[in-house]
Amino acid sequence: LQDAAAEAAKTSSRRLGGLNFVELDVASEASRYALLGKLSAVLGTEQRINVVVNNAGVYPSDWTEAAFNHALAVNTVGPLRLATDLIPFY
């Protein structure tokens with residue numbers, strides 16, 4: 001829970017033109033968990049997400065095993081896990 005609390009402090013959100021923008025690291029379980037903890041405050045009484053834009057991506061300059069695993073986590077696995085985590089809010 002300490003990791004989630006630290007991530008919650010780093011997870012920023014802002015409202016612009018009726019839209020809520022929330023930044024997080026999709027590859028980080030702690031960051032996704034922190035987002036779930038903040039959703040009630042961000043969503044207010046609606047408690048529903050209408051649109052999710054995953055604007056993330058990495059392309060390593062050298063394809064080592066570690067770089068490949070990181071790219072896979074950020075570009076594929078992280079967004080899928082986030083979508084799964086957000087199912088109750090659709």
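In this chain, residues are counted from 1 in sequence order.
Between P79 and A73, the shortest heavy-atom contact is CD-O, 4.0 Å. The heavy-atom pair separating D25 from S31 by the smallest distance is N-OG, 2.9 Å.
V74 and V77 fall into different hydrophobic clusters, where Ile, Leu, Val, Met, Phe, Trp and Tyr are joined by side-chain heavy atoms under 4.5 Å apart, directly or via other members. In terms of hydrophobic clustering, with Ile, Leu, Val, Met, Phe, Trp and Tyr side chains grouped at heavy-atom distances under 4.5 Å, L80 and L24 are assigned to different clusters. Under a hydrophobic-cluster definition in which Ile, Leu, Val, Met, Phe, Trp and Tyr are linked whenever side-chain heavy atoms come within less than 4.5 Å, directly or via other members, Y59 and F68 are assigned to the same cluster. Cluster annotation: V53 and V26 are assigned to distinct hydrophobic clusters (Ile/Leu/Val/Met/Phe/Trp/Tyr, side-chain heavy-atom contacts under 4.5 Å, transitive).
Shown here is Q47, whose CD atom has more than 12 heavy atoms of other residues, nucleotides or ligands within 6.0 Å.
Scanning for side-chain contact (heavy atoms from CB on, under 4.5 Å) contacts around Y90 gives I49, V52, L86, with sequence neighbours left out.
To the nearest 0.5 angstrom, L43 atom CG is 6.5 Å from F89 atom CZ.
Pairs engaging residues 70-88 under the side-chain hydrogen bond (donor to acceptor under 3.5 Å, both in side chains) rule: R32-D85 [sequence neighbours left out].
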